[in-house]
There are 2 protein chains.
Amino acid sequence: MALRFALLGLLTEEAATGYDLSTTFKKQMTHFWTAHHTQIYRELLKMEEAGLVTSELVVQEDLPDKKIYSITDQGRSDLVAWLRAPSEFKPKMKDENLMRVSLLHLLPPDEAIAYLEESKRHHEMAVEMMHVWRQAHLEQGATLGEKLTSEYGLRMMLNYLEWCDWAIEEIQKTNTKSSLR
Amino acid sequence: MALRFALLGLLTEEAATGYDLSTTFKKQMTHFWTAHHTQIYRELLKMEEAGLVTSELVVQEDLPDKKIYSITDQGRSDLVAWLRAPSEFKPKMKDENLMRVSLLHLLPPDEAIAYLEESKRHHEMAVEMMHVWRQAHLEQGATLGEKLTSEYGLRMMLNYLEWCDWAIEEIQKTNTKSSLR
DNA sequence: AGGGCCATGTAAGTCGTTACATGATTGT
DNA sequence: ACAATCATGTAACGACTTACATGGCCCT
């Protein structure tokens, strides 16, 4: 259900095609949700059936035809009702990276550290991309939600980098201890 | 596939029933993965077929019978192979809380703040539970993975609380600004 | 010449959730 | 009396992923 409300949320700002929605998803929401374009297209069809959105077909000559979706009043009220519904704050995380981290004691220490250092590099790149994105979007037409979640994503990534340094030290400590024995 | 390796990882420490695995999952891995017992039982059956685990039926009198699963050599080597396989560091998050946060501008500011404050309370409780868990488990038989991921969970939650305070202030700022106009 | 962007979707499969079912024991 | 703990599972559904398919335009 949350994907449905994510799409409705994006459509409150402006009408968009499935393609637009799927690229926006990738750029803005990576830090808390992911969705493939195939899933988004099918969800939009269901949402149209349910009367939450309407679509207008735009025929194009050089580019493929497209369908522009707009939110309906029904869609707006469903969205606000969901926002107000008591949620349970049970994060349903699926973080494969952390899954691997939780098993790093099964690899030799140098491999474990190499893994963490590679993950650091990825996160550092993500932090830089986030800075670029924020300079382009904030202070000029970003919604409150975008401000809050991009700040959240940034803080979490910086926090991850700090934790990574701590974790690498921790592995080195236990490593030198056991090699003294 | 990750669930499979999570279960194999737990079984490297000691043989366990599906029930045990599912409770351990809830306690230790909430911060990066969730799984219902129904899914775990089915996965264990598939893993036994694939020769990654073996089970031994223990008949009990007062309590229900149980099946104790042990990891096989095949299971161990599959697990290490997965740990070494190049991963893509694409976190596949599904965080319904953040999803709601990203849409808070659709609620009146006081409701948005109330939402964040409730989520703070939940996270504060989670932080306290984490402290209790760590005092019971660390420094006495916790694996490196448990140390690393529980520290990770703790840091992320504390970071969340700080971000929450920032977010509440941010909403109050934009609120007073617009009411001056 | 090859890849990326635009734009849509189908089909098949896997993963994950919810509801239901059983049944004795221990604690409040 | 009622809920929780122990212990397992089936069935039905919904969410999500992966592979495949189309086709022209623009850039290097």
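Below, chain A is the first sequence line, B the second, and so on; all start at residue 1.
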Task: Whole-Å distance separating the CD1 atom of B:Ile40 from the P atom of D:dT8 - done: 11 Å
TODO: Could you work out which one of D:dT8, C:dG16, C:dG9 sits closest to the side chain of B:Gln39?
DONE: C:dG16
TODO: Flag the pair B:Arg100 and B:Glu96 as a salt bridge only when some basic side-chain nitrogen lies within less than 4.0 angstrom of an acidic carboxylate oxygen.
DONE: yes
Open item on the list: Between A:Leu21 and A:Trp82, is there shared hydrophobic-cluster membership here, with clusters defined by ILVMFWY side-chain heavy atoms closer than 4.5 Å?
Closed with: yes
Task: side-chain N/O B:Thr17 vs D:dT8 OP1/OP2, d < 4.0 Å - done: yes
Task: Spacing of B:Lys67 atom NZ relative to D:dA7 atom P, expressed in whole Å - done: 14 Å
Open item on the list: Looking at D:dG9, I'd like to know if its phosphate oxygens (OP1 or OP2) sit under 4.0 Å from a side-chain N or O belonging to B:Tyr41.
Closed with: no
- [ ] Heavy atoms only: give me the nearest B:Leu83-A:Leu103 pair and the separation to one decimal.
- [x] CD1-O, 3.5 Å
TODO: Please check the phosphate of D:dT17 (OP1 and OP2 only) for any side-chain N or O of A:His36 closer than 4.0 Å.
DONE: yes
Open item on the list: If you assign A:Gln60 and A:Leu45 each to the DNA chain C nucleotide with the nearest heavy atom, which residue ends up on the more 5' nucleotide?
Closed with: A:Gln60
- [ ] Return no unless some side-chain N or O of B:Lys46 is found under 4.0 Å from OP1 or OP2 of C:dC15.
- [x] yes
Task: Atom-pair distance (CD on A:Glu96; P on C:dC15), nearest Å - done: 11 Å
Open item on the list: If I take atom CZ in residue B:Arg42 and atom P in nucleotide D:dG9, what distance separates them, rounded to the nearest angstrom?
Closed with: 12 Å
Task: Atom-to-atom span, CG of B:Leu21 to C1' of D:dT8 - whole angstrom - done: 13 Å
TODO: Kindly point out which of C:dT18, D:dT17, D:dA7 is positioned nearest to the side chain of B:Thr38?
DONE: C:dT18
Open item on the list: How many whole angstroms separate atom CG of B:Leu57 from atom P of D:dC6?
Closed with: 19 Å
Task: The single option from A:Thr17, A:Thr24, A:Thr23 passing side-chain hydrogen bond (donor to acceptor under 3.5 Å, both in side chains) against A:Asp20 - done: A:Thr17
TODO: Let me know the distance between CG of A:Leu44 and P of D:dA15, rounded to the nearest Å.
DONE: 14 Å
Open item on the list: What's the separation between atom CG in A:Leu52 and atom OG in A:Ser70, rounded to the nearest 0.5 Å?
Closed with: 13.0 Å
Task: Integer-rounded Å distance: D:dC16 C1' and A:Phe25 CZ - done: 12 Å
Open item on the list: Given D:dG9, C:dC6, D:dT17, identify the nucleotide with an atom nearest to the side chain of A:Pro64.
Closed with: C:dC6
- [ ] Give a yes/no on whether any side-chain N or O of B:Tyr19 is located under 4.0 angstrom from OP1 or OP2 of D:dC6.
- [x] yes
- [ ] Classify the side chain of B:Arg4 versus the base of C:dT14 as yes if they form a donor-acceptor pair under 3.5 Å and no if they do not.
- [x] no
Task: Nearest-neighbour nucleotide for the A:Met1 side chain, D:dC16, D:dA15, C:dG16 considered - done: D:dA15
Task: Most 5' of A:Lys94 and A:His37 on DNA chain C, judged by nearest nucleotide - done: A:His37
